[in-house]
Amino acid sequence: MPRPFRFGVNMLTIETGPAWRQKCRRAEALGYDVLLVPDHLSWPAPFPALVAAAEATERPRLGTFVLNAGFWNPALLAREVATTDLLTDGRLELGLGTGYVRAEHDKAGLPWGTPGERVDHLARTVEELDRLLGDPEHEPKTAQQPRPPLLIGGNGPRMLRLAARHADIVAFTGGRAAPGEPEGTLALLTPDELDATLTVYRRAAADRPAPAELNILVQRVTVTDDRRTPAREIAAHGLGVDEEQALDIPTFLFGTVAQMAEQLREHRERYGFSYITVLSPSMEAFAPVIEMLKGS
């Protein structure tokens with residue numbers, strides 16, 4: 001049996017405290033299962049935003065999507081995670097990644113390092129969090145034991161192996177660093193390339209006692225009776241996919257509500273993606289798809 005769908009919204013901005021709480025309540029009313037906050041400089045700080053979201057809502061889980069491990073000392077992060085899990089009554093899901101924007105590290109006065117060094121730091125962070133939060137003497141203790149569910153996001157082979165060993169949830173971006181472009185610029189994976197990425201992950205995860213939940217970030221939701229027009233627009237941007245591939249990749253959803261729901265069913269069958277995240281600008285447009293897929 002396929003894993004039931006779960007839906008998250010990545011909340012990108014805070015205008016005021018009351019507006020933030022109202023947006024969180026609106027997301028809950030629309031049926032979102034997880035309210036998420038990213039981790040970029042000049043954007044909201046994740047943990048206080050999630051605590052405020054918990055105070056405004058009752059049902060949704062609350063997650064980081066994803067923390068830039070390079071910003072965090074593991075011992076200090078363990079304190080933040082445990083405190084936030086307590087203040088949200090055990091609703092926290094911890095998302096971690098390596099980070100991909102060098103300018104943010106430079107601005108913060110933090111080392112950037114090579115890709116291998118960033119993965120090394122993430123691996124050490126995960127191992128330290130498991131050790132610290134799993135220690136019965138650690139204070140504060142998390143509400144969820146031994147720790148909140150861990151999401152790891154990434155596409156490279158080492159990241160996939162790390163996720164296979166440690167993650168309860170594995171998040172795929174559907175993109176990769178664009179060759180020859182400024183750092184932080186992503187190119188889209190074609191459907192065949194994404195298949196290959198999933199094959200690498202599944203081989204690494206073959207010995208897991210239980211399968212992880214698989215997540216995909218949908219960058220854009222377009223409600224339309226003409227799927228080809230937005231697909232042509234995507235292809236014209238030179239992001240690494242042609243028009244036919246743009247119609248088929250899970251990074252974008254084009255079409256009527258019924259067509260988008262069917263696309264998600266197909267992507268769950270082909271790739272295993274049952275946890276779907278959209279960006280907050282698409283929160284309202286995507287809500288009818290949630291209603292159509294509720295309970296499936």
Exercise. Could you pull out all residues at least two apart from E266 that satisfy side chain to side chain donor-acceptor pair (under 3.5 Å)?
Key: none

Practice problem: Side-chain contact test, heavy atoms from C-beta onward, threshold under 4.5 Å: evaluate it for R6 versus S274 and give yes or no. | Solution: no

Self-check item: Under the side chain to side chain donor-acceptor pair (under 3.5 Å) test, residues paired with R270 that sit two or more places apart
Solution: D195, D248

Practice problem: May I ask you to list the residues sharing a hydrophobic cluster with L76, side-chain cutoff 4.5 Å, ordered by chain and number? | Solution: none

Quiz item: For D226, what residues pass the side chain to side chain donor-acceptor pair (under 3.5 Å) criterion, not counting sequence neighbours?
Solution: T229

Quiz item: Out of curiosity, N215 CG to I152 CD1, how far, rounded to the nearest 0.5 Å?
Solution: 13.0 Å

Practice problem: List, by chain and number, the other hydrophobic cluster members for L86, where Ile, Leu, Val, Met, Phe, Trp and Tyr join if side-chain heavy atoms come within less than 4.5 Å, directly or indirectly. | Solution: none

Quiz item: So, do W72 and F47 have ring centers that fall under 6.0 Å from each other?
Solution: yes

Self-check item: Note, K23 side chain near T13 side chain (heavy atom, < 4.5 Å)
Solution: yes

Exercise. Would you mind listing the cluster partners of L247? Hydrophobic ones only (ILVMFWY), side-chain contacts under 4.5 Å, chaining allowed.
Key: none

Quiz item: Taking C-beta and beyond as the side chain, do V170 and F273 meet within less than 4.5 Å on heavy atoms?
Solution: no

Quiz item: Which value, rounded to the nearest 0.5 Å, describes the distance between D85 atom CG and L94 atom CG?
Solution: 9.5 Å

Practice problem: Count the heavy atoms of every other residue, nucleotide or ligand shown that sit under 6.0 Å from CG of D207, and state whether that count exceeds 12. | Solution: no

Quiz prompt | Residues that, via side-chain heavy atoms closer than 4.5 angstrom, fall in one hydrophobic cluster with M1 | solution = none

Exercise. Look only at the side chain of T224 and the backbone of R227, and say whether a donor-acceptor pair between them is shorter than 3.5 Å.
Key: no

Practice problem: Could you check if a side-chain atom of S42 sits within less than 4.5 angstrom of a side-chain atom of E104, using non-hydrogen atoms only? | Solution: no

Quiz item: Quick one: side chain to side chain donor-acceptor pair (under 3.5 Å) partners of E291, sequence neighbours excluded?
Solution: K294

Practice problem: Would you confirm whether the ring centroid of Y100 sits within less than 6.0 angstrom of the ring centroid of H40? | Solution: yes

Self-check item: Any side-chain heavy-atom pair of T256 and D225 under 4.5 Å
Solution: yes

Quiz item: Sub-3.5 Å donor-acceptor pair from the side chain of S282 to the main-chain atoms of V278, do we have one?
Solution: no

Quiz prompt | Pairwise side-chain contact, L189 with T197, heavy-atom cut-off 4.5 Å (strictly under) | solution = yes

Quiz prompt | Backbone of A75 reached by a side-chain donor or acceptor of R79 within 3.5 Å | solution = no

Exercise. Spell out, as yes or no, whether a donor-acceptor pair under 3.5 Å connects the side chain of W20 to the backbone of A49.
Key: yes

Practice problem: Indicate the ring-plane relationship of Y201 and F172, choosing parallel, tilted or perpendicular according to the 30° and 60° boundaries. | Solution: perpendicular

Exercise. List for me each residue that meets salt bridge (Lys or Arg N to Asp or Glu O under 4.0 Å) alongside R158, sequence neighbours excluded, and say none if there are none.
Key: D120

Practice problem: Output every pair passing ring-ring contact (aromatic ring centres under 6.0 Å, His included) with a member in residues 274-296, not counting sequence neighbours, ordered by first then second residue. | Solution: F7-F286

Quiz prompt | Mutual orientation of the aromatic rings belonging to W112 and H105 [parallel < 30°, tilted 30-60°, perpendicular > 60°] | solution = perpendicular

Exercise. Would you confirm whether T114, through its side chain, and E117, through its main-chain N or O, come within 3.5 Å as a donor-acceptor pair?
Key: yes

Quiz item: Is it true that a side-chain atom of R3 and a backbone atom of P211 form a donor plus acceptor pair closer than 3.5 Å?
Solution: yes

Would you list the atom pairs, donor with acceptor, under 3.5 Å between side chains in residues 54-61 and any protein atom, with sequence neighbours excluded?
unit_1 : atom_1 : unit_2 : atom_2 : d
T57    : OG1    : A53    : O      : 2.8
T57    : OG1    : R91    : NH2    : 2.7
R59    : NH1    : Y32    : O      : 3.1
R59    : NH2    : E28    : O      : 2.9
R59    : NH2    : Y32    : O      : 2.9
R61    : NE     : E93    : OE2    : 3.1
R61    : NH1    : G90    : O      : 2.8
R61    : NH2    : L92    : O      : 3.4
R61    : NH2    : Q144   : OE1    : 2.9

Quiz item: Would you say the side-chain atoms of T83 pair up with the backbone N or O of E80, donor to acceptor, closer than 3.5 Å?
Solution: no

Quiz item: Could you walk me through whether Q263 and R268 pass the side-chain hydrogen bond (donor to acceptor under 3.5 Å, both in side chains) check?
Solution: CA-CA 9 Å; Q263 289 171 66; R268 182 174 62 178; over 6 Å; no

Quiz prompt | From CA spacing to verdict: salt bridge (charged side-chain N to carboxylate O under 4.0 Å, His left out), R265, E262 | solution = CA-CA 5 Å; R265 293 188 191 98; E262 184 57 30; 3.2 Å; yes

Exercise. Run the salt-bridge test on E233 and R228 with the 4.0 Å N-O cut-off and return the result as yes or no.
Key: no

Practice problem: Mind checking salt bridge (Lys or Arg N to Asp or Glu O under 4.0 Å) for K107 and listing every partner two or more places apart, or none if nothing turns up? | Solution: none

Quiz prompt | Carboxylate-amine/guanidinium proximity below 4.0 Å for R124 and E127 | solution = no

Self-check item: Evaluation steps, side-chain hydrogen bond (donor to acceptor under 3.5 Å, both in side chains), between T98 and N68
Solution: CA-CA 5 Å; T98 61; N68 181 341; over 6 Å; no

Quiz item: If you measure from CG on L36 to OG1 on T64, what distance do you get to the nearest 0.5 Å?
Solution: 8.0 Å

Self-check item: Exceeds 12 heavy-atom contacts within 6.0 angstrom, atom CZ of R208
Solution: yes

Quiz item: How far apart are the C-alpha atoms of R147 and D168, what are their side-chain angles, what is the distance that settles it, and do they pass the salt bridge (charged side-chain N to carboxylate O under 4.0 Å, His left out) test?
Solution: CA-CA 11 Å; R147 57 156 171 75; D168 305 291; 3.0 Å; yes

Quiz item: Between T16 (side chain) and A19 (backbone), is there a donor-acceptor pair under 3.5 Å?
Solution: yes

Quiz item: Taking atom OG1 of T125 and atom CG of L96, what is their separation to the nearest 0.5 Å?
Solution: 7.0 Å

Exercise. Working to the nearest 0.5 Å, report the span between CG of L198 and CZ of R203.
Key: 12.0 Å

Quiz item: Is the closest side-chain heavy-atom distance between N73 and L77 below 4.5 Å?
Solution: no

Exercise. Could you grab the distance from atom CG of L162 to atom CG of L122, nearest 0.5 Å is fine?
Key: 5.0 Å

